[in-house]
Amino acid sequence: MKKYWFIYKSEVMSDLQYIFNLLVGFISYLILIYIFLNLWNYMYDDPTQVINGYTKNQMIWYVIITEILWMTVGGRKLCRKICDDVKGGNIAYNINKPYSYIGYALSSHLGGCTVKAIMFTILGMITGIIFIGEFPKLTILSCIMVLITALLATIINTLLIIFVGLISFFIEDANPFYWLYSKFILVLGTIFPIEYFPSIMQPILIYSPIYVVSYGPAKLFVDFSWEKCLFIIIAQIAYIIIAYLLCRLLYKKGVKRLNVNGG
Amino acid sequence: MLTEVKNQIKVSFLSIKYALLREMLNKTTFITNVIFMILNNASMIVQWIILYSLKENVGGYTFKQILLLWGIAAGTFGVSRFFFSKAFSLADTINSGKLDAYLVQPKNVLLSVITSEVEVSALGDILYAYIMLFIYGFTLPTFLLFTMFCIGGGIILTAISIILSSLSFWFQKTDVIADTGNRLLTSFATYPDGIFKGLAKILLFTLIPVGIVNYIPVDILSNFNLGLTGIFLFATFLLITLAAFIFYKGLKRYSSSNLMNARI
(Lines give C-alpha, C1' and ligand atoms only; values in the text may rest on other atoms or scores of the structure.)
Protein backbone atom coordinates (compact mmCIF):
# COMPACT_ATOMS: atom_id res chain seq x y z
CA MET A 1 0.00 0.00 0.00
CA LYS A 2 2.96 2.28 0.82
CA LYS A 3 4.20 2.26 -2.79
CA TYR A 4 0.79 3.31 -4.12
CA TRP A 5 0.68 6.11 -1.54
CA PHE A 6 4.07 7.26 -2.81
CA ILE A 7 2.85 7.21 -6.46
CA TYR A 8 -0.23 9.18 -5.37
CA LYS A 9 1.89 11.76 -3.53
CA SER A 10 4.30 12.19 -6.46
CA GLU A 11 1.39 12.84 -8.80
CA VAL A 12 -0.12 15.45 -6.42
CA MET A 13 3.25 17.22 -6.15
CA SER A 14 3.70 17.17 -9.93
CA ASP A 15 0.20 18.64 -10.46
CA LEU A 16 0.92 21.47 -8.04
CA GLN A 17 3.82 22.52 -10.28
CA TYR A 18 1.54 22.88 -13.31
CA ILE A 19 -1.49 24.53 -11.78
CA PHE A 20 -1.82 26.90 -14.76
CA ASN A 21 -2.79 23.89 -16.93
CA LEU A 22 -6.04 23.63 -14.96
CA LEU A 23 -7.18 26.94 -16.40
CA VAL A 24 -8.68 25.39 -19.56
CA GLY A 25 -10.66 22.96 -17.41
CA PHE A 26 -11.97 25.82 -15.26
CA ILE A 27 -13.12 27.79 -18.29
CA SER A 28 -14.83 24.71 -19.79
CA TYR A 29 -16.53 24.08 -16.44
CA LEU A 30 -17.80 27.66 -16.22
CA ILE A 31 -19.09 27.53 -19.82
CA LEU A 32 -21.03 24.32 -19.12
CA ILE A 33 -22.52 25.67 -15.90
CA TYR A 34 -23.47 28.89 -17.69
CA ILE A 35 -25.26 26.93 -20.45
CA PHE A 36 -27.16 24.77 -17.95
CA LEU A 37 -28.04 27.80 -15.86
CA ASN A 38 -29.64 29.39 -18.91
CA LEU A 39 -31.31 26.13 -19.93
CA TRP A 40 -32.93 25.53 -16.54
CA ASN A 41 -33.89 29.18 -16.21
CA TYR A 42 -35.74 28.72 -19.48
CA MET A 43 -37.31 25.37 -18.57
CA TYR A 44 -38.66 26.50 -15.18
CA ASP A 45 -41.42 29.09 -15.35
CA ASP A 46 -40.74 30.23 -11.77
CA PRO A 47 -38.27 29.24 -9.01
CA THR A 48 -40.97 27.61 -6.86
CA GLN A 49 -42.04 25.22 -9.64
CA VAL A 50 -41.15 21.57 -8.97
CA ILE A 51 -40.36 19.24 -11.89
CA ASN A 52 -39.92 15.54 -11.10
CA GLY A 53 -39.25 16.39 -7.45
CA TYR A 54 -36.64 19.11 -8.10
CA THR A 55 -36.86 22.89 -7.83
CA LYS A 56 -34.84 25.05 -10.23
CA ASN A 57 -32.15 25.70 -7.62
CA GLN A 58 -31.85 22.00 -6.82
CA MET A 59 -31.48 21.19 -10.53
CA ILE A 60 -28.70 23.75 -10.95
CA TRP A 61 -26.87 22.51 -7.82
CA TYR A 62 -27.30 18.94 -9.08
CA VAL A 63 -25.55 19.82 -12.36
CA ILE A 64 -22.83 21.80 -10.53
CA ILE A 65 -21.97 18.73 -8.40
CA THR A 66 -22.15 16.15 -11.20
CA GLU A 67 -19.97 18.36 -13.41
CA ILE A 68 -17.40 18.75 -10.60
CA LEU A 69 -17.27 14.95 -10.34
CA TRP A 70 -17.02 14.54 -14.10
CA MET A 71 -14.44 17.26 -14.77
CA THR A 72 -12.29 16.13 -11.83
CA VAL A 73 -11.80 12.66 -13.28
CA GLY A 74 -10.92 13.84 -16.81
CA GLY A 75 -11.34 10.30 -18.10
CA ARG A 76 -10.41 10.97 -21.72
CA LYS A 77 -6.76 11.58 -20.76
CA LEU A 78 -6.61 8.45 -18.60
CA CYS A 79 -8.15 6.23 -21.28
CA ARG A 80 -5.81 7.65 -23.93
CA LYS A 81 -2.80 7.07 -21.66
CA ILE A 82 -3.70 3.42 -21.10
CA CYS A 83 -4.32 2.91 -24.85
CA ASP A 84 -0.94 4.51 -25.62
CA ASP A 85 0.78 2.38 -22.97
CA VAL A 86 -0.62 -0.76 -24.58
CA LYS A 87 -0.19 0.34 -28.21
CA GLY A 88 3.27 1.84 -27.74
CA GLY A 89 4.55 -1.04 -25.62
CA ASN A 90 5.21 1.16 -22.55
CA ILE A 91 3.17 -1.28 -20.53
CA ALA A 92 6.11 -3.70 -20.80
CA TYR A 93 8.05 -1.46 -18.39
CA ASN A 94 5.28 -1.81 -15.83
CA ILE A 95 4.96 -5.58 -16.04
CA ASN A 96 8.29 -6.29 -14.34
CA LYS A 97 7.85 -3.64 -11.65
CA PRO A 98 6.88 -4.70 -8.10
CA TYR A 99 3.39 -3.25 -8.32
CA SER A 100 0.15 -4.02 -10.13
CA TYR A 101 -0.52 -1.93 -13.23
CA ILE A 102 -4.11 -1.30 -12.13
CA GLY A 103 -2.97 -0.14 -8.69
CA TYR A 104 -0.39 2.10 -10.35
CA ALA A 105 -2.92 3.60 -12.82
CA LEU A 106 -5.48 4.11 -10.05
CA SER A 107 -3.15 5.76 -7.51
CA SER A 108 -1.41 7.88 -10.11
CA HIS A 109 -4.72 9.09 -11.58
CA LEU A 110 -6.25 9.79 -8.16
CA GLY A 111 -3.16 11.86 -7.42
CA GLY A 112 -3.85 13.87 -10.56
CA CYS A 113 -7.50 14.28 -9.52
CA THR A 114 -6.79 15.62 -6.01
CA VAL A 115 -5.73 19.17 -6.88
CA LYS A 116 -8.44 19.38 -9.56
CA ALA A 117 -11.11 18.18 -7.11
CA ILE A 118 -10.20 20.86 -4.55
CA MET A 119 -10.07 23.64 -7.14
CA PHE A 120 -13.29 22.58 -8.92
CA THR A 121 -15.14 22.26 -5.60
CA ILE A 122 -14.15 25.80 -4.58
CA LEU A 123 -15.03 27.14 -8.06
CA GLY A 124 -18.32 25.21 -8.18
CA MET A 125 -19.43 26.43 -4.74
CA ILE A 126 -18.58 30.06 -5.57
CA THR A 127 -20.38 29.81 -8.95
CA GLY A 128 -23.43 28.24 -7.31
CA ILE A 129 -23.67 30.84 -4.56
CA ILE A 130 -23.23 33.73 -7.04
CA PHE A 131 -25.84 32.48 -9.53
CA ILE A 132 -28.32 30.76 -7.22
CA GLY A 133 -27.82 32.79 -4.05
CA GLU A 134 -28.59 29.99 -1.59
CA PHE A 135 -26.77 26.89 -0.36
CA PRO A 136 -28.63 23.58 0.19
CA LYS A 137 -29.52 22.82 3.82
CA LEU A 138 -26.67 20.58 4.95
CA THR A 139 -25.11 19.88 8.35
CA ILE A 140 -21.33 19.46 8.74
CA LEU A 141 -21.81 15.70 9.13
CA SER A 142 -23.91 15.43 5.96
CA CYS A 143 -21.29 17.52 4.10
CA ILE A 144 -18.63 14.99 5.18
CA MET A 145 -20.83 12.11 3.95
CA VAL A 146 -21.28 13.86 0.57
CA LEU A 147 -17.48 14.21 0.33
CA ILE A 148 -17.01 10.50 1.15
CA THR A 149 -19.50 9.45 -1.53
CA ALA A 150 -17.80 11.84 -3.98
CA LEU A 151 -14.42 10.23 -3.23
CA LEU A 152 -15.84 6.72 -3.71
CA ALA A 153 -17.54 7.88 -6.93
CA THR A 154 -14.18 9.12 -8.25
CA ILE A 155 -12.51 5.79 -7.42
CA ILE A 156 -15.28 3.83 -9.21
CA ASN A 157 -15.20 6.13 -12.23
CA THR A 158 -11.40 5.79 -12.48
CA LEU A 159 -11.59 1.98 -12.23
CA LEU A 160 -14.29 1.82 -14.92
CA ILE A 161 -12.21 4.04 -17.24
CA ILE A 162 -9.15 1.83 -16.61
CA PHE A 163 -11.36 -1.13 -17.57
CA VAL A 164 -12.39 0.64 -20.81
CA GLY A 165 -8.76 1.56 -21.53
CA LEU A 166 -7.64 -2.06 -21.06
CA ILE A 167 -9.92 -3.09 -23.93
CA SER A 168 -7.07 -1.80 -26.12
CA PHE A 169 -5.30 -5.12 -25.43
CA PHE A 170 -7.89 -6.62 -27.75
CA ILE A 171 -8.80 -3.95 -30.31
CA GLU A 172 -5.81 -1.55 -30.20
CA ASP A 173 -7.79 1.68 -29.84
CA ALA A 174 -10.29 1.68 -26.98
CA ASN A 175 -11.01 5.41 -27.18
CA PRO A 176 -14.33 4.92 -29.06
CA PHE A 177 -15.54 2.75 -26.16
CA TYR A 178 -14.65 5.59 -23.83
CA TRP A 179 -16.79 8.01 -25.88
CA LEU A 180 -19.78 5.74 -25.38
CA TYR A 181 -19.06 5.29 -21.67
CA SER A 182 -18.67 9.05 -21.19
CA LYS A 183 -21.90 9.83 -23.04
CA PHE A 184 -23.70 7.14 -21.02
CA ILE A 185 -22.65 8.82 -17.77
CA LEU A 186 -23.11 12.34 -19.15
CA VAL A 187 -26.59 11.97 -20.64
CA LEU A 188 -28.11 9.54 -18.14
CA GLY A 189 -26.39 10.73 -14.98
CA THR A 190 -24.83 14.16 -15.21
CA ILE A 191 -27.36 16.35 -16.99
CA PHE A 192 -30.49 14.88 -15.40
CA PRO A 193 -31.22 13.05 -12.15
CA ILE A 194 -32.66 9.53 -12.44
CA GLU A 195 -36.17 10.82 -11.57
CA TYR A 196 -36.34 12.57 -14.97
CA PHE A 197 -36.36 9.27 -16.84
CA PRO A 198 -39.45 7.13 -17.50
CA SER A 199 -40.43 5.00 -14.50
CA ILE A 200 -39.66 1.83 -16.45
CA MET A 201 -35.99 2.90 -16.81
CA GLN A 202 -35.43 4.06 -13.24
CA PRO A 203 -34.88 0.62 -11.58
CA ILE A 204 -32.29 -0.19 -14.29
CA LEU A 205 -30.49 3.13 -13.77
CA ILE A 206 -30.36 2.58 -9.99
CA TYR A 207 -28.26 -0.56 -10.53
CA SER A 208 -26.11 1.02 -13.24
CA PRO A 209 -22.79 2.84 -12.63
CA ILE A 210 -24.65 6.16 -13.02
CA TYR A 211 -26.16 5.74 -9.56
CA VAL A 212 -22.79 5.40 -7.82
CA VAL A 213 -20.65 7.61 -10.08
CA SER A 214 -22.72 10.78 -10.40
CA TYR A 215 -26.32 10.61 -9.16
CA GLY A 216 -25.53 9.42 -5.62
CA PRO A 217 -23.29 12.25 -4.34
CA ALA A 218 -25.26 14.95 -6.19
CA LYS A 219 -28.61 13.70 -4.88
CA LEU A 220 -27.25 13.68 -1.33
CA PHE A 221 -26.02 17.24 -1.79
CA VAL A 222 -29.38 18.62 -2.93
CA ASP A 223 -31.65 16.40 -0.82
CA PHE A 224 -29.78 14.59 1.96
CA SER A 225 -31.21 11.59 3.81
CA TRP A 226 -29.32 9.05 5.96
CA GLU A 227 -31.27 6.13 4.51
CA LYS A 228 -30.23 7.06 0.97
CA CYS A 229 -26.67 7.81 2.10
CA LEU A 230 -26.25 4.31 3.55
CA PHE A 231 -27.69 2.69 0.43
CA ILE A 232 -25.37 4.73 -1.84
CA ILE A 233 -22.24 3.90 0.18
CA ILE A 234 -23.05 0.15 0.22
CA ALA A 235 -23.66 0.25 -3.57
CA GLN A 236 -20.37 2.15 -4.07
CA ILE A 237 -18.32 -0.37 -2.05
CA ALA A 238 -19.88 -3.23 -4.05
CA TYR A 239 -19.07 -1.40 -7.29
CA ILE A 240 -15.44 -0.80 -6.26
CA ILE A 241 -14.94 -4.52 -5.59
CA ILE A 242 -16.64 -5.57 -8.85
CA ALA A 243 -14.85 -2.96 -10.98
CA TYR A 244 -11.44 -3.84 -9.51
CA LEU A 245 -11.97 -7.57 -10.09
CA LEU A 246 -13.11 -6.92 -13.66
CA CYS A 247 -10.01 -4.79 -14.33
CA ARG A 248 -7.74 -7.52 -12.96
CA LEU A 249 -9.45 -10.17 -15.06
CA LEU A 250 -9.21 -8.09 -18.24
CA TYR A 251 -5.56 -7.18 -17.55
CA LYS A 252 -4.66 -10.83 -16.88
CA LYS A 253 -6.29 -11.96 -20.13
CA GLY A 254 -4.93 -9.02 -22.11
CA VAL A 255 -1.34 -9.24 -20.97
CA LYS A 256 -1.15 -12.82 -22.29
CA ARG A 257 -1.87 -11.46 -25.78
CA LEU A 258 0.73 -8.73 -25.48
CA ASN A 259 3.45 -8.74 -28.10
CA VAL A 260 6.02 -5.97 -27.74
CA ASN A 261 8.79 -5.36 -30.24
CA GLY A 262 12.04 -4.20 -28.70
CA GLY A 263 13.40 -0.79 -29.56
CA MET B 1 -2.74 32.25 -60.87
CA LEU B 2 -5.73 29.95 -61.44
CA THR B 3 -3.45 27.00 -62.24
CA GLU B 4 -1.51 27.68 -59.06
CA VAL B 5 -4.72 27.61 -56.99
CA LYS B 6 -5.81 24.42 -58.76
CA ASN B 7 -2.44 22.81 -58.06
CA GLN B 8 -2.52 23.82 -54.41
CA ILE B 9 -6.02 22.38 -53.96
CA LYS B 10 -4.87 19.16 -55.67
CA VAL B 11 -1.86 18.89 -53.34
CA SER B 12 -4.06 19.51 -50.28
CA PHE B 13 -6.49 16.80 -51.33
CA LEU B 14 -3.60 14.40 -51.96
CA SER B 15 -2.24 15.20 -48.50
CA ILE B 16 -5.65 14.45 -46.96
CA LYS B 17 -5.96 11.28 -49.04
CA TYR B 18 -2.61 9.88 -47.87
CA ALA B 19 -3.30 10.87 -44.27
CA LEU B 20 -6.59 8.97 -44.53
CA LEU B 21 -4.92 5.93 -46.08
CA ARG B 22 -2.45 5.88 -43.16
CA GLU B 23 -5.36 5.87 -40.72
CA MET B 24 -7.10 3.08 -42.64
CA LEU B 25 -4.20 0.66 -42.15
CA ASN B 26 -6.02 -0.80 -39.15
CA LYS B 27 -9.53 -1.34 -40.50
CA THR B 28 -11.14 -2.40 -37.19
CA THR B 29 -9.95 0.77 -35.45
CA PHE B 30 -11.02 2.87 -38.41
CA ILE B 31 -14.55 1.44 -38.51
CA THR B 32 -15.05 1.54 -34.71
CA ASN B 33 -13.90 5.17 -34.68
CA VAL B 34 -16.49 6.16 -37.28
CA ILE B 35 -19.41 4.08 -35.98
CA PHE B 36 -18.86 4.90 -32.33
CA MET B 37 -18.70 8.61 -33.11
CA ILE B 38 -22.14 8.35 -34.75
CA LEU B 39 -23.47 6.53 -31.66
CA ASN B 40 -21.72 9.05 -29.41
CA ASN B 41 -23.54 11.93 -31.10
CA ALA B 42 -26.84 10.05 -31.28
CA SER B 43 -26.86 9.45 -27.51
CA MET B 44 -27.38 13.17 -26.92
CA ILE B 45 -30.86 12.90 -28.46
CA VAL B 46 -31.98 11.43 -25.12
CA GLN B 47 -31.33 14.82 -23.51
CA TRP B 48 -33.64 16.55 -25.96
CA ILE B 49 -36.36 13.90 -25.74
CA ILE B 50 -36.50 14.58 -22.00
CA LEU B 51 -36.46 18.36 -22.39
CA TYR B 52 -39.21 18.24 -25.03
CA SER B 53 -41.31 16.03 -22.75
CA LEU B 54 -41.29 18.98 -20.32
CA LYS B 55 -41.94 21.76 -22.86
CA GLU B 56 -43.20 21.76 -26.43
CA ASN B 57 -40.76 24.41 -27.51
CA VAL B 58 -37.20 24.91 -26.22
CA GLY B 59 -35.60 28.25 -26.99
CA GLY B 60 -37.87 28.82 -29.99
CA TYR B 61 -36.85 25.52 -31.63
CA THR B 62 -39.06 22.56 -32.46
CA PHE B 63 -37.66 19.07 -31.90
CA LYS B 64 -36.91 18.69 -35.62
CA GLN B 65 -35.04 21.99 -35.62
CA ILE B 66 -32.93 20.78 -32.71
CA LEU B 67 -32.01 17.73 -34.76
CA LEU B 68 -31.06 20.05 -37.60
CA LEU B 69 -28.99 22.17 -35.20
CA TRP B 70 -27.18 19.00 -34.12
CA GLY B 71 -26.70 18.12 -37.79
CA ILE B 72 -25.12 21.49 -38.54
CA ALA B 73 -22.97 21.35 -35.37
CA ALA B 74 -21.74 17.83 -36.18
CA GLY B 75 -21.23 18.67 -39.86
CA THR B 76 -19.18 21.82 -39.27
CA PHE B 77 -17.17 20.12 -36.53
CA GLY B 78 -16.62 17.08 -38.77
CA VAL B 79 -15.47 19.11 -41.78
CA SER B 80 -13.05 21.19 -39.68
CA ARG B 81 -11.57 18.20 -37.83
CA PHE B 82 -11.39 15.86 -40.81
CA PHE B 83 -9.97 18.13 -43.51
CA PHE B 84 -8.07 20.61 -41.35
CA SER B 85 -7.31 18.61 -38.22
CA LYS B 86 -3.85 20.09 -37.68
CA ALA B 87 -5.32 23.61 -37.38
CA PHE B 88 -6.51 22.53 -33.91
CA SER B 89 -3.00 21.67 -32.70
CA LEU B 90 -1.33 24.52 -34.58
CA ALA B 91 -0.38 26.38 -31.38
CA ASP B 92 1.62 23.37 -30.24
CA THR B 93 3.25 23.01 -33.69
CA ILE B 94 4.36 26.66 -33.57
CA ASN B 95 5.48 26.54 -29.91
CA SER B 96 7.59 23.45 -30.41
CA GLY B 97 9.13 24.77 -33.63
CA LYS B 98 7.75 21.98 -35.80
CA LEU B 99 6.84 24.20 -38.75
CA ASP B 100 10.27 23.72 -40.40
CA ALA B 101 9.21 20.69 -42.43
CA TYR B 102 6.43 22.72 -44.09
CA LEU B 103 8.49 25.83 -44.74
CA VAL B 104 10.79 24.08 -47.19
CA GLN B 105 7.94 22.89 -49.39
CA PRO B 106 7.26 24.91 -52.53
CA LYS B 107 3.56 25.13 -51.63
CA ASN B 108 1.28 27.21 -49.44
CA VAL B 109 2.59 26.76 -45.88
CA LEU B 110 -0.70 27.24 -44.06
CA LEU B 111 -2.64 24.77 -46.24
CA SER B 112 0.20 22.25 -46.11
CA VAL B 113 0.23 22.33 -42.31
CA ILE B 114 -3.50 22.15 -41.65
CA THR B 115 -4.17 19.38 -44.19
CA SER B 116 -1.28 17.17 -43.06
CA GLU B 117 -3.38 15.11 -40.64
CA VAL B 118 -6.95 13.80 -40.50
CA GLU B 119 -9.11 12.89 -37.54
CA VAL B 120 -10.91 9.69 -38.54
CA SER B 121 -13.71 9.98 -35.99
CA ALA B 122 -14.71 13.27 -37.68
CA LEU B 123 -16.01 11.15 -40.57
CA GLY B 124 -18.58 9.83 -38.10
CA ASP B 125 -19.58 13.43 -37.35
CA ILE B 126 -20.08 14.17 -41.05
CA LEU B 127 -22.17 11.01 -41.56
CA TYR B 128 -24.22 11.84 -38.47
CA ALA B 129 -24.86 15.34 -39.85
CA TYR B 130 -26.47 13.88 -42.98
CA ILE B 131 -28.49 11.36 -40.96
CA MET B 132 -29.93 14.35 -39.06
CA LEU B 133 -30.70 16.10 -42.35
CA PHE B 134 -32.58 13.03 -43.61
CA ILE B 135 -34.64 12.92 -40.40
CA TYR B 136 -35.34 16.66 -40.67
CA GLY B 137 -36.53 16.34 -44.26
CA PHE B 138 -34.48 15.79 -47.38
CA THR B 139 -34.94 17.84 -50.54
CA LEU B 140 -32.28 18.70 -53.13
CA PRO B 141 -32.14 22.45 -52.26
CA THR B 142 -31.93 21.64 -48.53
CA PHE B 143 -29.18 19.11 -49.21
CA LEU B 144 -27.15 21.63 -51.23
CA LEU B 145 -27.61 24.41 -48.68
CA PHE B 146 -26.82 22.05 -45.81
CA THR B 147 -23.60 20.94 -47.52
CA MET B 148 -22.63 24.56 -48.14
CA PHE B 149 -23.23 25.44 -44.46
CA CYS B 150 -21.25 22.43 -43.24
CA ILE B 151 -18.27 23.32 -45.45
CA GLY B 152 -18.52 27.07 -44.75
CA GLY B 153 -19.02 26.53 -41.01
CA GLY B 154 -16.13 24.05 -40.92
CA ILE B 155 -13.92 26.64 -42.60
CA ILE B 156 -15.00 29.30 -40.08
CA LEU B 157 -14.14 27.01 -37.14
CA THR B 158 -10.76 26.29 -38.75
CA ALA B 159 -10.11 29.99 -39.42
CA ILE B 160 -10.86 30.90 -35.80
CA SER B 161 -8.52 28.18 -34.56
CA ILE B 162 -5.77 29.46 -36.91
CA ILE B 163 -6.25 33.04 -35.67
CA LEU B 164 -6.09 32.03 -31.99
CA SER B 165 -3.21 29.57 -32.53
CA SER B 166 -1.22 32.16 -34.49
CA LEU B 167 -1.00 34.24 -31.31
CA SER B 168 1.74 31.73 -30.39
CA PHE B 169 4.02 33.58 -32.81
CA TRP B 170 3.89 36.59 -30.46
CA PHE B 171 3.06 35.25 -26.99
CA GLN B 172 3.77 32.22 -24.79
CA LYS B 173 1.11 29.80 -23.50
CA THR B 174 -1.52 30.90 -26.01
CA ASP B 175 -2.53 27.27 -26.57
CA VAL B 176 -4.83 27.82 -23.56
CA ILE B 177 -6.57 30.65 -25.44
CA ALA B 178 -6.90 28.54 -28.62
CA ASP B 179 -8.28 25.56 -26.66
CA THR B 180 -10.76 27.78 -24.83
CA GLY B 181 -11.91 29.45 -28.05
CA ASN B 182 -12.46 26.09 -29.76
CA ARG B 183 -14.28 24.75 -26.73
CA LEU B 184 -16.55 27.82 -26.54
CA LEU B 185 -17.61 27.29 -30.16
CA THR B 186 -18.46 23.61 -29.72
CA SER B 187 -20.11 23.91 -26.29
CA PHE B 188 -22.69 26.52 -27.34
CA ALA B 189 -23.28 24.98 -30.79
CA THR B 190 -25.82 22.38 -29.73
CA TYR B 191 -28.06 24.59 -27.60
CA PRO B 192 -30.72 26.86 -29.14
CA ASP B 193 -29.99 30.58 -29.05
CA GLY B 194 -33.41 31.30 -27.51
CA ILE B 195 -32.25 30.16 -24.07
CA PHE B 196 -29.56 32.87 -23.97
CA LYS B 197 -30.36 36.50 -23.32
CA GLY B 198 -28.69 39.92 -23.35
CA LEU B 199 -24.92 40.17 -23.67
CA ALA B 200 -24.50 36.40 -24.12
CA LYS B 201 -26.72 36.48 -27.19
CA ILE B 202 -24.81 39.43 -28.68
CA LEU B 203 -21.51 37.61 -28.09
CA LEU B 204 -22.84 34.47 -29.79
CA PHE B 205 -23.36 36.41 -33.00
CA THR B 206 -20.12 38.41 -32.84
CA LEU B 207 -17.07 37.48 -30.78
CA ILE B 208 -18.03 33.80 -30.45
CA PRO B 209 -19.64 33.32 -33.88
CA VAL B 210 -21.73 30.26 -32.98
CA GLY B 211 -24.70 32.22 -34.28
CA ILE B 212 -23.17 32.53 -37.75
CA VAL B 213 -21.92 28.92 -37.88
CA ASN B 214 -24.99 27.22 -36.40
CA TYR B 215 -28.04 29.38 -35.69
CA ILE B 216 -28.18 31.31 -38.99
CA PRO B 217 -27.94 28.09 -41.11
CA VAL B 218 -30.80 26.50 -39.12
CA ASP B 219 -32.82 29.66 -39.66
CA ILE B 220 -32.11 29.65 -43.42
CA LEU B 221 -32.86 25.94 -43.80
CA SER B 222 -36.17 26.40 -41.96
CA ASN B 223 -37.09 29.54 -43.87
CA PHE B 224 -34.82 30.58 -46.76
CA ASN B 225 -33.43 34.08 -46.50
CA LEU B 226 -31.03 35.45 -49.14
CA GLY B 227 -29.76 38.27 -46.91
CA LEU B 228 -28.74 35.86 -44.11
CA THR B 229 -27.08 33.56 -46.68
CA GLY B 230 -25.06 36.56 -47.85
CA ILE B 231 -24.03 37.35 -44.25
CA PHE B 232 -22.90 33.74 -43.78
CA LEU B 233 -20.81 33.74 -46.97
CA PHE B 234 -19.33 37.16 -46.19
CA ALA B 235 -18.35 36.03 -42.66
CA THR B 236 -16.70 32.89 -44.10
CA PHE B 237 -14.70 34.91 -46.62
CA LEU B 238 -13.74 37.54 -44.03
CA LEU B 239 -12.49 34.99 -41.50
CA ILE B 240 -10.45 33.03 -44.09
CA THR B 241 -8.74 36.26 -45.16
CA LEU B 242 -8.13 37.33 -41.57
CA ALA B 243 -6.74 33.90 -40.61
CA ALA B 244 -4.32 33.83 -43.56
CA PHE B 245 -3.25 37.43 -42.89
CA ILE B 246 -2.53 36.85 -39.18
CA PHE B 247 -0.78 33.51 -39.79
CA TYR B 248 1.60 34.91 -42.43
CA LYS B 249 2.21 38.05 -40.38
CA GLY B 250 3.19 35.85 -37.45
CA LEU B 251 5.20 33.45 -39.59
CA LYS B 252 7.75 36.22 -40.15
CA ARG B 253 8.52 36.04 -36.42
CA TYR B 254 8.82 32.24 -36.39
CA SER B 255 12.11 30.81 -35.26
CA SER B 256 13.04 27.17 -35.67
CA SER B 257 13.94 24.97 -32.71
CA ASN B 258 16.28 22.94 -34.94
CA LEU B 259 14.13 19.94 -34.22
CA MET B 260 15.10 16.93 -36.33
CA ASN B 261 12.06 15.00 -37.47
CA ALA B 262 10.93 13.15 -40.55
CA ARG B 263 7.54 13.37 -42.23
CA ILE B 264 6.60 9.99 -43.63
Side-chain angles (χ1 to χ4, degrees), chain A residues 18 20-45 49 51-52 54 59 63 76 83 87 164 167-168 170-198 201 205, chain B residues 23 25-55 57-60 120-121 124 172-173 175-198 200-201 204 208 210:
Chain A
Y18 301 103
F20 184 73
N21 292 354
L22 293 177
L23 195 65
V24 181
F26 282 174
I27 297 167
S28 304
Y29 178 78
L30 287 176
I31 296 167
L32 281 170
I33 296 302
Y34 180 74
I35 291 173
F36 283 111
L37 189 77
N38 277 279
L39 183 67
W40 289 115
N41 271 334
Y42 184 87
M43 297 304 291
Y44 279 87
D45 295 323
Q49 191 188 355
I51 302 177
N52 295 321
Y54 290 82
M59 263 318 294
V63 177
R76 184 191 297 254
C83 288
K87 273 199 290 185
V164 173
I167 295 175
S168 52
F170 305 91
I171 64 145
E172 194 171 310
D173 187 6
N175 284 308
F177 288 91
Y178 173 72
W179 303 336
L180 279 195
Y181 169 76
S182 67
K183 279 289 146 57
F184 173 69
I185 301 287
L186 192 72
V187 176
L188 302 180
T190 305
I191 303 173
F192 304 106
I194 289 175
E195 291 85 349
Y196 269 71
F197 293 92
M201 273 177 78
L205 292 175
Chain B
E23 295 292 333
L25 281 174
N26 187 331
K27 287 210 166 44
T28 317
T29 306
F30 177 79
I31 293 166
T32 41
N33 265 288
V34 175
I35 293 174
F36 276 47
M37 183 48 80
I38 296 174
L39 293 173
N40 176 46
N41 290 337
S43 63
M44 291 306 283
I45 291 177
V46 175
Q47 178 192 359
W48 294 102
I49 292 174
I50 291 173
L51 289 173
Y52 277 92
S53 71
L54 303 175
K55 252 187 176 163
N57 183 306
V58 179
V120 173
S121 58
Q172 292 287 312
K173 284 269 175 200
D175 49 333
V176 174
I177 299 172
D179 280 352
T180 308
N182 293 331
R183 224 171 272 247
L184 270 172
L185 288 166
T186 44
S187 300
F188 283 101
T190 50
Y191 290 90
D193 55 325
I195 64 168
F196 305 107
K197 286 176 191 144
K201 202 158 183 173
L204 288 177
I208 317 162
V210 179

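Just so it is clear, the model here is predicted, and its values are computed rather than measured. Note on naming: letters A, B, ... go to the chains in the order of the sequence lines (proteins, then strands), and numbering restarts at 1 for each one. Hydrogens, waters and symmetry mates play no part in the numbers below; they use all other heavy atoms, side chains included.
- Proximity of a side-chain donor or acceptor of B/N182 to a complementary backbone N or O of B/A178 within less than 3.5 Å is detected.
- At a 4.5 Å heavy-atom cutoff, the contact between A/F192 and chain B is made by side-chain atoms alone.
- Of the two parts of A/L39, the backbone and the side chain both hold a non-hydrogen atom closer than 4.5 Å to a non-hydrogen atom of chain B.
- The main-chain N or O of A/I185 is found under 3.5 Å from a side-chain atom of A/T190 such that the two form a donor-acceptor pair.
- The part of B/Y191 that comes within reach of chain A is its side chain, from C-beta onward, which places non-hydrogen atoms under 4.5 angstrom from that chain.
- For the residue pair A/S168 and A/C83, the shortest heavy atom distance occurs at OG-CA, 3.6 Å.
- Residue A/Y178 does not touch chain B at all, counting heavy-atom pairs closer than 4.5 Å.
- For chain B, no part of A/N175 is nearby; none of its heavy atoms comes within less than 4.5 Å.
- Counting heavy atoms from C-beta outward, B/D179 and A/I27 have side chains that stay 4.5 Å or more apart.
- In this structure, the portions of A/I35 lying under 4.5 Å from any heavy atom of chain B include both its backbone and its side chain.
- Both the backbone and the side chain of A/F177 come within less than 4.5 Å of a heavy atom of chain B.
- Between A/Y34 and B/F196, some side-chain heavy-atom pair lies under the 4.5 Å cut-off.
- Inter-residue side-chain proximity for A/W179 and B/S121 is flagged as met; some heavy-atom pair is nearer than 4.5 Å.
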